[in-house]
Each structure stands twice: as C-alpha cells, then as structure tokens.
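One structure is given here, and the rest of the page talks about it.
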Amino acid sequence: MKKYNFKKIEKKWLSLWIKKRLWKVKDSLHHKKKKYILDMFPYPSGEGLHVGHVEGYTATDILTRFYRMNGYNVLHPIGFDAFGLPAENYALKKKKNPSSFVPKNIARYRKQLLSLGFSYDWDREISTTDPEYYKWTQWMFLQMYKHGLVYEKEAPINFCPNCKTGLADEESIGGKCERCETPIEVRFLKQWHIKITAYAERLLEDLEELDWPEHIKEMQKNWIGKSEGYEVKFALTDYPEPLKIFTTRLDTIFGATFIVLSVSHPLIFKITKPDYMMFMEDYVRNELKKEKLGIIDKEISGIFTGSYAINPMNGFKIPIWVSNYVLSGYGTGAIMGVPAHDERDWNFAKKFNLDIIKVIKHSLDEETNADFTSVQCFTEDGILINSDKYSGLTSSEAREQIGAYLISLGLAEKKIYYKLRDWIFSRQRYWGEPIPLIRCNKCGIVPVPEKDLPVVLPKVKSYQPTGTGESPLKNIHHWVRVKCPSCRSIAERETQTMPQWAGSCWYFLAYILKKKQSSKKYKISFDLKKLKYWMPVDIYVGGVEHAVLHLLYARFWNKFLYDLNLVPCKEPFLKLFNQGIILGPDGRKMSKSKGNVINPDDIIKHYGADTLRMFEMFLGPLEVEKPWSSEGIKGIERFLQRVWKLSLWLDKVYKTKRTKLLKNKAKEQELLIALHKLIYEVTQSITSFRFNIAIAKMMIFEETLRRNLENNVYIAKDIFLTFIKLLFPFAPFISQEIWHLLGKKNFLDKEKWPQFNPKLLSSQLTTYIIQVNGKKRGVLEVKADNLSVNEAKKLVQSLPLYKKYLENKTIKQIIFVKGKVINFVLADAKS
RNA sequence: GCCUGGGUGGCGGAAUUGGCAGACGCUACGGACUUAAAAUCCGUUGAUCGCUACGAUCGUGUGGGUUCGACUCCCACCCCAGGCACCA
C-alpha cells in the first residue's frame with residue numbers, strides 16, 4: 001500500500017486553501033456569535049519560527065477551526081511585531097538597514113506559518129513597522145500627550161550599556177537587560193514618561209474579572225504593588241515642621257523606637273546636629289553615589305542625626321537616623337522603626353543597639369514576657385500589648401482605631417502607595433516609531449499636527465547607537481530640522497524613538513480596523529461598531545515572558561482608549577492561556593550555544609506539518625514546560641500513517657459493490673457508541689485546552705476501527721467520515737485529503753462539527769467496581785441504570801468472587817454509589 | 001526570605017475532581033514477515049513474591065489524619081521550577 005506522501009499533498013491543499021481565500025473573515029455577520037482567537041504576534045527575527053511558536057499557534061488554530069465548524073464567526077489574525085532591538089542589532093551586525101531585511105524576515109515567517117496550515121485571515125495581516133500602522137501608534141501617543149499622560153523628566157533610569165539605551169523598569173529583569181541580559185546601569189537621563197501610575201488602581205482592580213492563569217495575575221498584582229496604610233506626622237524636638245512617615249502597620253506604633261530617613265530625604269541637613277554633620281555629609285555623599293551607580297548594598301549601614309522625634313501615641317522621645325535601607329523613591333522616604341515587628345528594623349536595631357519594644361503577641365493566651373532582651377522579631381498580625389488602651393485589640397482593629405484617633409488630631413491620613421512606576425517611553429535607538437513631538441525654542445514642546453502623521457522614520461545608512469543618551473536620529477539633520485507647527489520658526493524634531501512594546505499595545509485592534517486597499521496598501525480607521533462586535537479578545541495564547549511587559553502595557557493602553565470612547569471594553573483580553581516552553585531533548589532550555597535547538601523547518605521536511613502540529617499537542621498539557629522528544633514524534637507519524645492506510649482500505653471497500661465484509665448490526669451499534677463517546681471526549685478536550693487527551697482518544701478509536709476491519713466487520717462510511725472531521729483541526733492536510741479521497745468534494749472547513757447523541761452515550765453498559773473493604777475484587781457490568789442495592793447484591797452473589805471473599809462473612813454495610821461502585825464492608829474488618 | 005505552581009513507571013504524561021492508579025505515546029525486550037536489514041504487524045513492559053492456569057502483597061515526594069474507600073481532602077515536613085526581592 002502506498003505511504004502517505006505529505007510533501008505533495010500538503011502543497012496541493014495549501015495552494016487551494018489560499019486560492020479559495022477560505023479563512024477570510026467578514027465583519028458583516030453581526031447576527032452571528034463571534035470568537036476572537038488571538039496569538040501573540042511574532043517578532044520576525046533572522047532565525048525564523050521556533051517550535052515554541054508552533055505550539056501556541058497550533059493550539060489556537062485547533063480552537064479556531066473547532067469554533068468555526070461550530071458555527072462561530074471566528075477572527076483569527078496574525079501580524080508582525082517588527083520594530084525593536086533584536087532586528088536592529090541584527091541589522092547592525094550585517095551592516096544593513098533594518099527596513100531592507102525586515103520584510104524578508106516577515107516573508108519567511110509568513111511562508112512558515114502558511115506551510116503549517118494555520119488558518120489565519122491573511123487579509124488582516126499587519127506589521128507594526130508599516131507607516132500606516134505606526135501613524136496610529138503615534139496618534140495614540142499624541143492623545144496621551146494631550147491628556148497630560150506624557151511628561152519629560154530627568155531621572156535615574158535603567159540603562160543597558162550593550163543595547164545603549166534607557167529601559168523601562170519592566171525591562172529590567174533581576175537587574176539585567178530583558179533582551180541581552182547585560183547587567184543594567186543607572187544613568188541620569190532626560191526621558192519621556194507615560195503616567196501608567198494614573199491607572200494603577202484600575203489595572204489592579206480589573207484583574208479580578210479576567211480568566212487568566214493565577215500566577216500571571218499574581219505577578220501583575222505584585223508588580224503594581226499596592227499598599228494601603230497611613231502617613232503619620234511625628235513632631236520633632238528641635239525643628240518646627242513635623243516629619244511624615246508612611247506605614248502599613250499603624251498597629252505597631254507603640255513599638256516605634258526610632259525613625260529612619262532615606263539618604264535623599266530633604267530634612268537631613270536641616271535637623272542633623274553640628275556634632276554629626278561631618279559624618280553625615282560623608283555618609284550621604286557616599287550613599288548617593290552608590291545609588292547613582294545602581295549599587296545595592298546588602299549590608300545595612302546608618303548614621304544618627306542627633307535629633308529626636310516624639311511618638312504621637314506614647315510621647316516617647318525617639319532618635320532619628322539616616323540609613324541606606326530606606327528607599328527614597330517610595331512612600332515619604334521616611335519610616336518609623338519597629339524592630340520587634342519588622343525584620344529590617346530588627347536588624348538595624350540590633351546593629352546599632354536601639355530599643356526594642358514588643359507590642360504584638362501571637363494570640364490571646366500567649367504569656368507576655370516583660371524581659372525585652374529575649375524578644376523575637378514577629379512580623380505577622382496578632383493581639384496588641386504594651387499599647388496603652390489599645391492593648392487587647394487585634395492588629396486590624398487597632399489600625400482602624402489608632403488611625404481614626406490620629407486622623408481626628410490631624411496627625412495622620414490614609415494613604416495608598418504603589419510600587420508601579422511611570423513607564424519610561426523613550427529609547428535612544430533607531431529602529432522604532434519616532435516620537436511625534438517637536439522642540440521649539442519659543443513654544444517649547446509642540447506636538448506634531450495629526451494631519452502630518454505619520455512622522456516617518458528616515459531611511460539612513462548609519463544609525464549606530466551613540467551610547468551617550470543621544471538618539472542616532474539626532475545626526476540626520478535634514479530630518480531633525482523642521483518648522484514649528486505653531487510659530488513657524490525653525491525647530492527640531494524629538495529624536496528618540498518609542499520602545500518595542502508600543503506597537504504591540506493595540507495590534508489586536510488593528511486587525512479589526514484594517515481596510516485592505518491593494519495587496520500592499522491598507523488603511524486603518526477607528527470604527528466603534530466593528531470593535532464592539534469583535535472585542536474583547538476571547539482567547540489569547542502566548543508565552544509567559546510577557547506577564548508584566550506586554551500584557552500590562554496593552555491593558556493600560558486599552559484602558560486609555562476606552563476612556564476616550566474609542567474601544568468598547570475595559571479589558572482587552574478576557575481569557576489568557578500561557579503555553580509552556582518546549583525544552584530541548586536534553587531537558588534544558590533550547591539555545592544555540594547548547595546545540596539543542598529543534599528547528600521546525602527540519603521537522604516539517606522530515607515528517608510534514610500535520611505530524612509536527614499533532615506531536616507538539618501530544619507532548620503534554622499546553623501550559624506545562626516539557627522536553628522535545630525526537631523519538632516520540634514517531635508515534636504520531638505512525639498514527640497518521642495508520643489512519644491513511646485505513647482510509648485507503650476503506651476507500652476500496654466502498655468502491656467495490658460486493659464486499660466480503662460483514663454488516664453486523666450489533667457491532668455497528670457498538671462502533672456508533674464508541675464514535676459518539678469519541679465526539680464527546682474530543683469536544684470536551686478541545687474546549688478545555690487538553691489537546692493531548694483528544695489525540696489519545698482518537699488513537700484508541702483508530703485501533704478500534706482497525707480491529708473491526710481485521711475481523712471483517714463492515715464500517716459505515718459516515719462513522720469514518722465523522723472521525724476524519726474530528727481529526728481535521730489537529731491535522732488539516734491529511735484529513736482534507738482523506739475527505740477528498742472518500743468522494744467528498746467540499747472543504748472540511750465548511751463542514752459542521754459532529755454532535756454527540758446523549759442517548760447513545762447513556763445506553764452503554766455501566767461498569768460497577770466491586771470492592772470488599774475498599775479493595776477492588778471485581779467488576780459488574782449491568783445494563784439497567786437504576787439498579788437498587790438489593791438487586792446489586794443478588795447480582796454479586798452470582799459472581800465467582802462472592803464465594804471467595806464474601807461467603808460466610810458478616811456484611812456490616814454496603815456502600816452503593818450509583819453507576820460507580822459497590823463496596824462490601826465486613827464486620828471483622830480492621831477496628 | 002516572600003508569593004505562585006508542581007512532585008505519579010526507564011521517559012513524556014492519563015485518572016470524568018473522593019470510586020478499577022499508570023490511559024495514550026516513546027523506549028526496552030520477545031515474536032511474525034524478510035536471504036538480510038529497514039519499515040510494518042503481534043505480544044510483554046510499576047515493584048516483589050507465586051513464578052503453571054487462577055493469584056497475593058506493596059505502590060502516586062515523606063510522616064500523620066479524615067473516610068467504607070485518598071494521586072485526589074486536612075495538618076506538618078522535604079525537594080524541584082518560575083516570579084519578586086530592602087516597597088516599611
């Protein structure tokens with residue numbers, strides 16, 4: 001028998017599918033229920049698609065085909081995130097302009113995606129580097145500017161000396177550059193910032209309604225880092241102005257035995273006593289230098305100011321210190337030190353021999369120890385002690401009551417702080433969207449008029465990053481020089497570009513808004529009606545690496561557009577699914593240097609697209625990290641070959657009038673039941689993202705069919721065709737070919753997804769597990785679905801196991817779970 | 001240190017959420033076909049004992065608990081992966 005020739009057949013169907021524009025999605029079907037199934041669009045690097053892409057994209061393709069066959073209008077687009085550092089670095093290495101080879105990379109990606117049979121609507125393809133696309137990225141930036149969300153500020157920022165550009169906080173992963181893993185330096189640079197912090201609360205709150213993996217939500221929550229507490233004023237003994245500290249643990253205020261200021265606190269030199277001034281100046285200068293260099297001292301240090309503050313609750317006079325362990329950029333840059341109930345304060349107090357007062361105990365019945373030298377640091381909430389009339393309250397009660405008291409005296413206010421910082425939005429690199437602002441000596445910053453958008457990135461030969469904090473665009477004088485839109489005098493363009501993440505903040509909208517004009521040209525225009533139909537994205541699949549980068553930025557961007565009434569929903573991505581990384585065959589992360597990279601092109605060449613798709617789905621649950629197996633793929637190859645052989649066999653059978661196969665009613669019914677069970681299982685597995693299970697079940701069914709044929713049992717054509725339909729989303733090429741082979745002229749894409757018949761499922765035999773004292777001793781197969789305990793007992797008595805285990809024994813109890821188990825508990829069982 | 005996941009055969013992984021542990025696939029071993037090999041097909045494959053037909057005992061990171069019954073629930077601990085890390 002002929003082997004399945006995937007090369008020829010995949011090529012044939014692919015060209016037909018493209019020619020027929022089978023996956024074109026119409027917006028006009030507003031009466032039809034919709035699904036928006038989105039992939040994180042790829043970055044078209046020089047290396048081409050990797051197996052990780054294939055994993056996520058296959059999953060969404062299966063879902064897309066599944067929902068389409070179930071009557072949904074499914075939007076499943078793709079595009080390219082082509083601005084950014086890797087493309088630029090690669091271009092620099094090759095001494096070319098990114099714009100000359102990025103289209104080539106895109107073409108390669110497109111070809112690869114096509115060859116895998118992903119059913120994207122290619123008419124909606126976009127690239128963030130298309131001027132029509134980034135015109136709108138710039139336009140949205142200008143809207144933010146006009147709404148006061150954009151500001152320029154000189155600040156210490158993360159700077160990657162290798163990429164030679166400033167980075168956002170989110171791009172610093174454990175102190176290293178997100179892209180190249182070079183340790184990050186701190187530099188003082190004038191940078192454009194976007195006030196993402198203005199959305200902190202909403203970004204946090206709206207996480208609740210999202211169907212996202214818990215750990216991604218958690219990561220975003222931590223990143224936003226909300227803490228609710230009180231700002232408390234401490235009076236100073238020798239200075240008229242009070243000092244403000246921030247605390248989330250107002251309940252521990254009776255235990256505050258000192259105050260600590262950060263090294264950049266404005267009060268330091270106003271309150272430091274002359275005797276301490278020299279040391280203080282040295283210390284602060286030193287620490288500030290370290291801070292500038294981005295050095296984080298693990299060792300706690302500190303110095304006394306000589307001044308004292310008064311604890312507003314108990315009137316204690318407590319010393320004021322300056323230390324490197326208090327951050328200047330958070331809260332008020334000053335804290336109250338409660339060593340008994342904060343580990344860092346504890347370490348500080350121990351080091352400098354400061355008082356420690358215990359004011360919280362674990363529980364009501366705990367003995368309170370008057371001997372403070374034996375106090376242990378205890379950071380959790382508990383019951384107050386040594387706290388005047390507040391003793392005996394729980395921590396949360398005390399916070400409320402002490403807070404209310406201090407507020408009534410005007411000494412405190414409720415305050416919320418976030419860890420989230422504003423988004424540093426300018427990059428000193430060439431390959432990005434130019435920031436559409438103009439610097440005029442007379443008028444200051446002037447936005448580029450909207451009619452002049454896009455500000456096109458000039459094509460130049462030399463665009464080496466300068467490393468000085470200047471953008472390489474600065475040297476392109478003819479581009480920089482421009483008339484001020486407001487006063488017409490000579491002005492300069494802003495030369496910094498936007499970060500990589502800008503384009504991906506709204507690409508999911510662009511797919512909807514794109515209007516194709518010719519094979520190369522398109523327009524984007526905002527259309528709330530279309531957005532209302534398609535948004536939000538129903539299923540979004542992509543890697544975990546974007547947990548606090550893209551996913552946070554895009555949520556923010558969408559919320560801003562929502563506020564402008566340009567998009568209809570608060571949140572862009574309803575359901576998020578993270579595919580797990582595919583590791584190399586050695587169980588380590590794939591990397592060139594380790595030589596364990598699996599290239600999808602090679603696999604397609606050897607096994608074909610269907611096998612690759614299916615194998616990646618069979619590897620394990622989509623969300624877990626799992627190693628590639630070069631042996632394992634053979635299992636899928638064999639399976640598809642068997643399906644192919646089966647169809648050739650059956651084709652012959654259906655074509656011959658007189659077949660030697662027997663039409664057996666009972667067997668046929670059995671097969672039908674198995675088929676409907678399969679429909680049920682595959683449907684369930686797809687909707688719950690358990691593609692590996694769906695494949696396992698199909699394998700079992702294939703074997704059932706084969707066994708029947710080998711035993712000369714006739715298989716109805718409809719049964720086999722239905723099986724092929726189930727296989728189709730996973731392996732579209734071979735399924736379509738078999739469909740065609742068996743005389744079907746249409747495209748499987750246009751077929752309806754099979755529905756299972758619940759009656760067939762419930763008419764099966766029910767298998768009861770017979771247990772004695774909880775141990776399995778046998779099974780009982782019955783047809784009746786409302787078996788009573790007594791009937792069950794009678795049936796069991798007729799089984800051989802009864803004699804062995806139950807005869808002459810006293811049955812204490814029979815546990816009977818309908819449809820599942822019958823458990824005989826014997827009297828002489830364990831006590 | 002804190003947070004979030006997770007520990008099931010030689011390996012990747014199943015188990016309808018408390019009811020047959022190890023589906024499906026790979027590997028390995030044995031067999032059929034073949035001059036031979038590959039491919040394909042058939043069988044075996046958690047451990048130990050019985051080892052002949054039936055079978056028996058143990059077994060889901062460790063220790064305890066709840067239950068007629070626990071991979072699944074509860075408590076304590078150990079280990080692995082990812083994230084955050086002076087955020088008061």
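The sequence lines fix the lettering, A, B, ..., with proteins before strands; numbering per chain opens at 1.
- For A/Arg642 and B/C41, the shortest distance from a side-chain N or O to OP1 or OP2 is below 4.0 Å.
- Rounded to an integer number of Å, the gap from CE of A/Met219 to C1' of B/C2 is 15 Å.
- Atoms NZ (A/Lys3) and C1' (B/A38) sit 10 Å apart, rounded to a whole Å.
- Contact check, A/Asn222 against B/G83: no side-chain N or O comes under 4.0 Å of OP1 or OP2.
- The same atom, C1', is picked in B/G12 and in B/G6; the two are 16 Å apart, to the nearest Å.
- Using modelled atom types, one finds no donor on one side chain facing an acceptor on the other under 3.5 Å when comparing A/Gln684 with A/Arg690.
- Base pairing of B/A32: its partner is B/U40, meeting the Watson-Crick or G-U wobble criterion (both donor-acceptor distances under 3.5 Å).
- For B/G83, its base never sits under 3.5 Å from the side chain of A/Glu218 at any donor and acceptor pair.
- Looking only at side-chain heavy atoms (C-beta outward), A/Ile216 and A/Lys221 stay at 4.5 Å or farther from each other.
- Atom CD of A/Gln579 is separated from atom C1' of B/G82 by 15 Å (rounded to the nearest Å).
- In this structure, NE2 of A/His265 is placed 14 Å from C1' of B/A88, rounded to the nearest angstrom.
- Taking atom C1' in both B/A21 and B/G9, the straight-line distance is 11 Å, to the nearest Å.
- Residues A/Ser227 and A/Ser629 each lie close to RNA chain B; by heavy-atom proximity, the contact nearer the 5' end of the strand is made by A/Ser629.
- Between the NZ atom of A/Lys217 and the C1' atom of B/G83 there is a distance of 17 Å, rounded to whole Å.
- Closest contact between the side chain of A/Met699 and the listed nucleotides B/G25, B/U27, B/A88 involves B/G25.
- A/Phe723 places a side-chain heavy atom less than 4.5 Å from the side chain of A/Glu702.
- Summary of the strand contacts: A/Lys820 and A/Tyr417 both lie near RNA chain B, and taking for each the nucleotide with the nearest heavy atom, the more 5' one is attributed to A/Lys820.
- Side-chain N/O atoms of A/Tyr325 include none lying less than 4.0 angstrom from OP1 or OP2 on B/A88.
- Nucleotide B/U66 forms no Watson-Crick or G-U wobble pair with any nucleotide shown, as no partner meets the under 3.5 Å limit on both distances.
- No hydrogens or angles considered: a donor-acceptor pair under 3.5 Å links the side chains of A/Ser227 and A/Tyr330.
- Summarising the base pairing, B/G5 is matched to B/C80 through a Watson-Crick or G-U wobble pair whose two defining distances lie under 3.5 Å.
- Atom name C1', nucleotides B/G65 and B/G13: the rounded distance is 30 Å, in whole Å.
- Of the charged side-chain nitrogens involved, none lies within less than 4.0 Å of a carboxylate oxygen, so that A/Arg613 and A/Glu616 do not count as a salt-bridged pair.
- The residue A/Asn692 sits close only to the backbone: its heavy atoms come under 4.0 Å of sugar-phosphate atoms, none of a base.
- Checking the phosphate oxygens (OP1, OP2) of B/U40, a side-chain nitrogen or oxygen of A/Arg638 falls inside 4.0 Å.
- Counting non-hydrogen atoms under 4.0 angstrom, A/Ile693 reaches the backbone sugars and phosphates but no base.
- OP1 and OP2 of B/U40 both lie 4.0 Å or more from every side-chain N or O belonging to A/Arg706.
- Within 4.0 Å of A/Pro621, counting heavy atoms only, lie sugar-phosphate atoms of the nucleic acid but no base atom.
- In this entry B/G59 has no Watson-Crick or G-U wobble partner, no candidate having both defining distances under 3.5 Å.
- Rounded to whole Å, the P atom of B/A14 lies 10 Å from the corresponding atom of B/G7.
- The distance from atom CD of A/Glu702 to atom P of B/A23 is 18 Å, rounded to the nearest whole Å.
- Distance from the side chain of A/Ile769 is smallest for B/C20 among the nucleotides B/C20, B/A23, B/A88.
- A/Val326 comes within 4.0 angstrom of a base, heavy atoms only.
- Among the protein residues, A/Ile335 comes within range of the nucleic acid bases, having at least one heavy atom under 4.0 Å from a base atom.
- Between the C1' atoms of B/C71 and B/U34, the separation comes to 46 Å (whole Å).
- When both pairing distances are held under 3.5 Å, B/C11 makes a Watson-Crick or G-U pair with B/G25.
- Across the C1' atoms, B/G10 and B/C29 are found 13 Å apart, a figure rounded to whole Å.
- Taking atom P on both B/G64 and B/C80, the two are 23 Å apart, rounded to the nearest angstrom.
- If you take atom P in B/U72 and the same atom in B/U8, they sit 13 Å apart, rounded to whole Å.
- Per the geometry, CD belonging to A/Glu703 stands 13 Å off P belonging to B/A23, to the nearest Å.
- Aromatic ring centres of A/Trp212 and A/Phe577: separated by at least 6.0 Å.
- Ring-plane geometry between A/Phe246 and A/Tyr417 is classed as perpendicular, the angle between the planes exceeding 60 degrees on a 0 to 90 degree scale with a lower cut at 30.
- Nucleotide B/U17 is shown with a syn base, its glycosidic torsion being within 90° of 0.
- In this structure, A/Phe756 and A/Tyr680 have perpendicular ring planes: the angle between them is above 60°, well past the 30° mark.
- Residue contacts shown for A/Glu343 are absent, as no nucleic acid heavy atom lies under 4.0 Å away.
- Here B/G10 is in the anti range [glycosidic angle more than 90° from 0].
- In this structure, A/Trp628 atom CH2 and B/G25 atom C1' are separated by 14 Å, rounded to whole Å.
- Across all strands shown, A/Ile700 has heavy atoms under 4.0 Å from sugar-phosphate atoms exclusively, and none from any base.
- A sub-4.0 Å separation between OP1 or OP2 of B/A15 and a side-chain N or O of A/Arg690 is present.
- A/Tyr553 and A/Trp423 have parallel rings, their planes meeting at less than 30° on a 0 to 90° scale where 60° marks the start of perpendicular.
- Within the 4.0 angstrom heavy-atom criterion, only backbone atoms of the sugar-phosphate kind lie near A/Lys626; the bases stay farther away.
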